[in-house]
Amino acid sequence: MYRHLNKLLKAQLVEVVEHKQIRGAMLKVYSLAENGADIPAQELAAMTPDEHMKLFMKFIASLLGDYGKYLQQDQFDLRQDGVSFRQPDLLLSDEEYMELVQGLRTQLMKHVGNKPAPDRRRRTITTIIIPETKPHASISAESPPIKGDESK
């Protein structure tokens with residue numbers, strides 16, 4: 001995990017935002033670097049599939065680091081702390097999808113400017129949206145069954 005964090009630090013995707021002394025050890029608190037993960041659309045469009053996968057792996061490594069840090073606490077309560085990870089599959093038209101995303105953005109933006117307060121703690125809300133792969137244009141409903149596919 002530390003090798004991954006060091007790679008993220010060197011790539012300026014994460015930064016140390018806090019140091020905590022815990023039982024003689026120095027704990028570093030990491031956060032995504034401000035604008036560190038913002039890659040211009042032009043650069044994203046020019047990336048190869050391998051480069052996209054490497055970028056995604058860095059993103060996932062950051063999540064692993066955050067969750068590992070959470071689990072290293074002396075005490076934690078997933079339910080009370082509001083920890084959740086879900087993966088619902090939704091069947092949405094493009095219009096329904098855009099409505100959903102806009103609604104999520106609207107709700108999140110209501111809280112982005114919140115200032116620290118005694119009753120507030122940072123909560124990382126991560127979204128990953130992966131659409132179903134599109135069928136190849138050469139495959140149609142009339143295509144012959146695939147060898148070994150007994151369902152047709």
Side-chain angles (χ1 to χ4, degrees), residues 1-22 25-74 76-141 143 146:
M1 179 170 69
Y2 293 108
R3 281 186 281 140
H4 294 289
L5 277 173
N6 283 331
K7 286 181 182 180
L8 293 171
L9 276 169
K10 287 179 185 175
Q12 298 179 336
L13 292 173
V14 297
E15 60 190 358
V16 178
V17 293
E18 188 178 347
H19 291 86
K20 293 181 182 180
Q21 186 78 29
I22 297 178
M26 182 61 71
L27 174 72
K28 294 179 185 178
V29 178
Y30 296 88
S31 179
L32 280 176
E34 191 170 323
N35 298 324
D38 292 344
I39 298 173
Q42 205 170 21
E43 283 184 43
L44 277 175
M47 291 171 67
T48 66
D50 188 52
E51 290 170 325
H52 279 286
M53 183 56 76
K54 286 178 182 175
L55 184 62
F56 187 72
M57 288 170 53
K58 288 177 184 178
F59 179 75
I60 296 301
S62 173
L63 289 176
L64 288 171
D66 288 344
Y67 195 60
K69 181 175 49 184
Y70 171 78
L71 294 176
Q72 288 176 356
Q73 298 178 102
D74 289 335
F76 57 86
D77 183 327
L78 297 174
R79 174 176 269 153
Q80 182 179 341
D81 293 341
V83 173
S84 173
F85 38 92
R86 304 281 182 269
Q87 188 173 354
D89 288 335
L90 305 174
L91 296 173
L92 302 170
S93 67
D94 288 348
E95 184 179 317
E96 291 167 328
Y97 168 72
M98 290 309 293
E99 183 180 318
L100 173 68
V101 170
Q102 188 57 46
L104 290 171
R105 284 182 186 144
T106 299
Q107 288 300 312
L108 291 171
M109 292 310 292
K110 286 181 182 180
H111 306 283
V112 166
N114 286 356
K115 302 291 182 217
D119 63 333
R120 289 187 173 147
R121 60 196 280 202
R122 184 176 54 87
R123 298 175 191 272
T124 301
I125 298 173
T126 303
T127 58
I128 299 173
I129 300 171
I130 303 172
E132 176 179 44
T133 57
K134 294 179 182 178
H136 295 290
S138 61
I139 298 175
S140 69
S143 295
I146 298 170

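None of these values were measured; they are calculated from a predicted model.
Glu96 is not listed as a side-chain neighbour of Leu90, based on a closest heavy-atom distance of 4.5 Å or more. The shortest distance between side-chain heavy atoms of Glu51 and Lys54 does not fall below 4.5 Å. Taking 4.5 Å as the limit, some side-chain heavy atom of Met109 sits within range of a side-chain heavy atom of Val112. Val83 is not listed as a side-chain neighbour of Phe76, based on a closest heavy-atom distance of 4.5 Å or more. Considering only heavy atoms from C-beta on, Asp66 stays 4.5 Å or farther from Tyr70 through its side chain.
Distance check: Glu95 CD to Leu100 CG gives 12.5 Å after rounding to the nearest 0.5 Å. One distance of note links CG of Asp50 with CE of Met53; it measures 8.5 Å at 0.5 Å rounding. Interatomic distance, Leu78 CG to Leu71 CG, rounded to the nearest 0.5 Å: 7.0 Å. Within the model, atoms NE2 of His111 and CZ of Arg120 stand 9.0 Å from one another, a figure rounded to the nearest 0.5 Å. Atom-to-atom distance recorded for Thr127:OG1 and Leu104:CG is 7.5 Å, nearest 0.5 angstrom.
Within a 6.0 Å radius of CD in Gln73, other residues, nucleotides and ligands contribute more than 12 heavy atoms. Taking a 6.0 Å sphere around CG of Asp94, one finds it holds 12 or fewer heavy atoms contributed by other residues, nucleotides or ligands. In Arg123, the CZ atom is crowded: over 12 heavy atoms of neighbouring residues, nucleotides or ligands sit closer than 6.0 Å. Around CE of Met47, the count of heavy atoms belonging to other residues, nucleotides or ligands within 6.0 Å exceeds 12. Crowding of Ile129 atom CD1: a count of heavy atoms from other residues, nucleotides or ligands under 6.0 Å exceeding 12. Atom CD of Glu99 sits in a sparse spot, with 12 or fewer heavy atoms from other residues, nucleotides or ligands closer than 6.0 Å. More than 12 heavy atoms of other shown residues, nucleotides or ligands fall within 6.0 angstrom of atom CE in Met26.
Aromatic ring pairs are classed by plane angle as parallel below 30°, tilted from 30° to 60° and perpendicular above 60°; the pair Phe85 and Tyr67 is perpendicular.
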- Task: Give the C-alpha distance, both sets of side-chain angles, the deciding distance and a yes or no for side chain to side chain contact (heavy atoms under 4.5 Å, CB included) between Leu63 and Phe59.
- Result: CA-CA 7 Å; Leu63 289 176; Phe59 179 75; 4.1 Å; yes
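Using a 4.0 Å cut-off between a side-chain N of Lys or Arg and a carboxylate O of Asp or Glu, Asp81 and Arg121 qualify as a salt bridge.
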